[in-house]
**Student:** 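First, the structure itself, so that you have it in front of you.
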Amino acid sequence: MKTIISGNEAIALSFEDSGGVFASGYPGTPSTETLEEVARLGKVYCEWAPNEKVGLESAIGASLAGGRSLATMKHVGVNVAADALMTLTYTGVNAGLILMAADDPGMHSSQNEQDSRNYAKFAKIPMLDPADSQEAYDFVRTGFEISEQFDTPVMLRTTTRISHAKGIVEPTGKIQPKVGEWVKNVPKYVMLPNFGKIKHVEVEARLLKLQEFAETSPLNRLEMGDTDLGIVTSGISYQHVKEAFPTASILKLGLVHPLPEKKIREFAGKVKRLMVVEEMDAIFEEQIRAMGIGVHIGKDKISFCGEVNADIIRAAAGAPITTGTAAPVENLPQRPPTFCPGCAHRGLYSILSKLKVFVSGDIGCYTLGALPPLSAMHTCICMGASISAAHGMAKVNEIAGRTEKPVAVIGDSTFFHSGITGLLSMAYNGGNALVIIMDNRTTGMTGGQENPGSGQVLQGEPAQQVNMVDLVKVLGIHNVVEINSYNLEETEAAIRKGLETPGPYVLVDKNPCILRYRVKKPLYKVAQDKCTGCRACLKASCVALGLTASGEKPKVGIDPNICNGCGVCAQLCKFDAMSEV
Amino acid sequence: MKVFNIVIAGVGGQGVLMASKVLAESALASGMDVKQNEVHGMAQRGGSVISFVRIGDQVHSPVVMPGSADILISFEPLEALRYVHYLKPGAMLVYNKGTINPSTVASGLATYPSDVEEQISGICGDAHGIEALSLAQEAGNAKAVNMVMVGSVLKNLPIDAQVVEGVVKALSKDKGVEVNLKALRGGAAAA
Ligand SMILES: Cc1ncc(C[n+]2csc(CCOP(=O)(O)OP(=O)(O)O)c2C)c(N)n1
Ligand code: SF4
Ligand code: SF4
């Protein structure tokens, strides 16, 4: 039966239909819904790993034990899992293994734009690049076949518009999962130098075989049309090409590594102008040029940055673009995301903002504390970096004779992902930073996924729950204090104490994410006779707050449909104008 | 059928995605090809959301380009103004007149323009504002604003209203069926 589903849902469904046995991964937009859907469908075992490296390594184990396995992650997650990947390419697999990497060109919700096709080249493994939900479905099945036939991990790469866009999918029938043998094979799976040397030779030979496969595989499809313009493309770019030039000749690549050299040469020979359309890096173009084939239109006309669309492609080829478009209205108030009304992060940031400390930040909802009016985060590099970077800062401050202590802010999921090792280093190396762990017992930013601190697994069933304070202590941190960041006065005192006390100092806030746990608190209201219109409360950056009228000194009101009673605005008010309803 | 481009705009939490789902499922149920895609970045936290539904005989890209929407449905006036340039010349806009402050306005960093509706009519000659919140409340739930908005454009879509009603019924739970259908019809009557 035909259904309309997203690329992520299609991958999950196909994983189940293609005999999948084990799936693991770590949340990250735009990959997250894949594992959630495997769990919702409910037939195949799946789990959240604390980070992508653990997820991939668990999938490797599952493959070695004979089960078809899947590891899901966003593009930057592949960096975390790369250590495993770069040697997994040597060992190969037992049962099929797919690594799904979801790229985010245009950075809809990521810290960088990173083209995962580089990893397929780097690891010398095959990569599939679906162009819609149906292909996402089909390519999982094909991916397992390639993985087993060539004894290699396979990367399945999506982009945001493939992962999240919905299209019609017709499933192709179910394969019953079967678990193969669990074999000991030292030369294949123990990568000591002597075995590794042999394996490297095999990896190079495998790549040549895959190249031959690419030449004849229907994954790479010639669509001959008008021969004035011939376009080599893949993935979502293919769809944009079809919009821009419906009658052009196209070489649509489904297997984007290794490339079919003969097929490309043959195609180039048939068309007058060869164009390469790819988002982000010039992966195809560089390789095609290295084959000695001329590319007439490519990255000289299409940016390395952001997404591609039909008009960008038309313009690059010198064709007219969409006309009659009104210009976007300028200078409208932006509508950036901010903490949910009632979120515990708000209280913490109003204090950090007031104290004007240097905040070494991390990735999560709490990163929004970097935006005005709070403006209280000064670095955000990658998951886990808050603590290790704060440690480095503190060491240099010490060398420079500066007395200011840096503050690291990190969420629970991020702490489990890669903050623990940073804190271990700080304890071990005698660091001097204040670390604040916002333990809201969920992975909030990506939509509220379970983690080792939430007491639930992916399916929602009860699980072992790590005790944050105990965990911090066992790393060698002696000063660990629980705080309640809804209470500004107490929290400020705790932060000041942490800043004054020499050595590593950790504060843990355990208020749950109000969105994930649907916490409803009593509403607040503003006494209009007491409000002076000073706007001190607006610093809370809460969308429930608003000015009640225009004019000289309008007063503040609280929208009862939006307020979730955290009381932070009331504590910022110097005139006692706000109270519970 | 040539591809018909629908753009739905709003604020995180308003049910833009559910409205998109209703239209996409309705297109599928009518035997058409369809692609639906939204950019929601971090929209759950009060950000702006824009969603595309493209229907026709064969749809390639899930993205609607500025200047090519056949209809824009906006759940909030400022968001209507933000995305009005997505419309084709002469195409139609229906927006909910109820405003929601962006965080920049709530924190005093910006002011909500007082002439949003005038600006909209200045750019789009076929713009219609409706009181979606009160219609949703009349139907029994303030959250049904999204169904009111879908209802308000029903007669302008290349999909049969009966099919849409069927999809809404199938996607709603228990008491929601009655509320959503009432909201859908209320929107249709108001337009
Ligand atoms: C390596 C990597 N994996 C995944 C992500 C996606 N991601 C961004 S924030 C986040 C987790 C945030 O959870 P938490 O630290 O608990 O903070 P909260 O959002 O709940 O405040 C994730 C998984 C990422 N940016 N980088
Ligand atoms: S999702 Fe949770 S952690 Fe994120 S802003 Fe909302 S309440 Fe805060
Ligand atoms: S209006 Fe005040 S009490 Fe209500 S959620 Fe916002 S900051 Fe908290």
**Student:** With rounding to the nearest 0.5 angstrom, report the CD to CD1 distance, B/Gln36 to A/Ile168.
**Tutor:** 12.5 Å
**Student:** With a 4.5 angstrom heavy-atom cut-off, is it the side chain or the backbone of B/Ser114 that approaches chain A, or both, or neither?
**Tutor:** neither
**Student:** Using a cut-off of under 4.5 Å on heavy-atom pairs, state which of A/Gly546, A/Pro373, A/Gly106, A/Ala310 scores highest against chain B.
**Tutor:** A/Pro373
**Student:** Sort B/Leu81 into side chain, backbone, both or neither according to what part of it lies under 4.5 angstrom from a heavy atom of chain A.
**Tutor:** both
**Student:** Counting only heavy atoms closer than 4.5 Å, note whether B/Val105 contacts chain A via side chain, backbone, both or neither.
**Tutor:** side chain
**Student:** Taking the side chain as C-beta and beyond, is there a heavy-atom pair between B/Pro102 and A/Leu332 under 4.5 Å?
**Tutor:** no
**Student:** Is it the case that the side chain of A/Arg335 and the backbone of B/Thr104 share a donor-acceptor pair, with hydrogens and angles ignored and the cut-off at 3.5 Å?
**Tutor:** no
**Student:** Relative to chain A, which of B/Ala142, B/Ala110, B/Pro89 shows the most heavy atom pairs under 4.5 Å?
**Tutor:** B/Pro89
**Student:** For the residue pair A/Leu545 and B/Asn101, what are the closest heavy atoms and their distance?
**Tutor:** O-ND2, 4.1 Å
**Student:** Hey, what do you get for CD1 (B/Ile100) to CD1 (A/Ile562), rounding to the nearest 0.5 Å?
**Tutor:** 6.0 Å
**Student:** If you count heavy atoms of other groups shown closer than 6.0 angstrom to CD of A/Gln111, is the number above 12?
**Tutor:** yes
**Student:** Atom NZ in B/Lys88, atom OG1 in A/Thr323: separation rounded to 0.5 Å?
**Tutor:** 11.0 Å
**Student:** Just give me the residue among B/Leu78, B/Ile123, B/Val63 that pairs up with chain A most often, heavy atom to heavy atom, under 4.5 Å.
**Tutor:** B/Leu78
**Student:** Heavy atoms only, distances under 4.5 angstrom: which of A/Pro333, A/Pro246, A/Ala326 has the most pairs with chain B? Name it, please.
**Tutor:** A/Pro333
**Student:** Do the charged groups of A/Glu243 and B/Arg54 touch, with an N to O distance under 4.0 Å?
**Tutor:** yes
**Student:** Taking all atoms of both residues into account, what is the closest heavy-atom pair of B/Asn37 and A/His164, and its distance?
**Tutor:** ND2-C, 4.0 Å
**Student:** So what's closer than 4.5 Å to chain A heavy atoms on B/Val116: side chain, backbone, both or neither?
**Tutor:** neither
**Student:** Against chain A, label B/Glu76 side chain, backbone, both or neither, depending on which of its atoms sit under 4.5 Å from a heavy atom there.
**Tutor:** side chain
**Student:** If I take atom NZ from residue A/Lys166 and atom CG from residue B/Leu17, how far apart are they, to the nearest 0.5 angstrom?
**Tutor:** 8.0 Å
**Student:** Counting heavy-atom pairs under 4.5 Å with chain B, which one of A/Arg535, A/Gln334, A/Glu330 comes out on top?
**Tutor:** A/Gln334
**Student:** Once you round to the nearest 0.5 Å, how far does NZ of B/Lys35 lie from CG of A/Asp132?
**Tutor:** 5.0 Å
**Student:** Measure B/Ala106 against the heavy atoms of chain A and call it side chain, backbone, both or neither at under 4.5 Å.
**Tutor:** both
**Student:** Under 4.5 Å from any heavy atom of chain A, what part of B/Tyr86 do you find: side chain, backbone, both or neither?
**Tutor:** neither
**Student:** Taking all heavy atoms of A/Thr338 and all of B/Ser103, pick out the closest pair and write down the distance.
**Tutor:** CG2-CB, 3.6 Å
**Student:** Please identify, among B/Gln119, B/Arg82, B/His60, the residue contributing the most non-hydrogen atom pairs under 4.5 Å to chain A.
**Tutor:** B/His60
**Student:** For A/Ile321, is it the side chain, the backbone, both or neither that has a heavy atom under 4.5 Å from a heavy atom of chain B?
**Tutor:** neither
**Student:** Among A/Pro328, A/Ser133, A/Gly167, A/Ala327, which residue forms the greatest number of heavy-atom pairs with chain B at distances under 4.5 Å?
**Tutor:** A/Pro328
**Student:** What I want to find out is whether B/Glu38 reaches A/Arg161 closely enough, with some N-O distance under 4.0 Å, to be called a salt bridge.
**Tutor:** no
**Student:** More than 12 heavy atoms of other residues, nucleotides or ligands under 6.0 Å from NZ of B/Lys143: is that the case?
**Tutor:** no
**Student:** Side chain, backbone, both or neither: which part of A/Cys365 has a non-hydrogen atom closer than 4.5 Å to chain B?
**Tutor:** side chain
**Student:** Find the distance between CG (A/Asn309) and OG (B/Ser61) and round it off to the nearest 0.5 Å.
**Tutor:** 8.0 Å
**Student:** Can you tell me which of A/Asn331, A/Thr160, A/Asp311, A/Asp104 forms the most heavy-atom pairs within a distance under 4.5 Å of chain B?
**Tutor:** A/Asp311
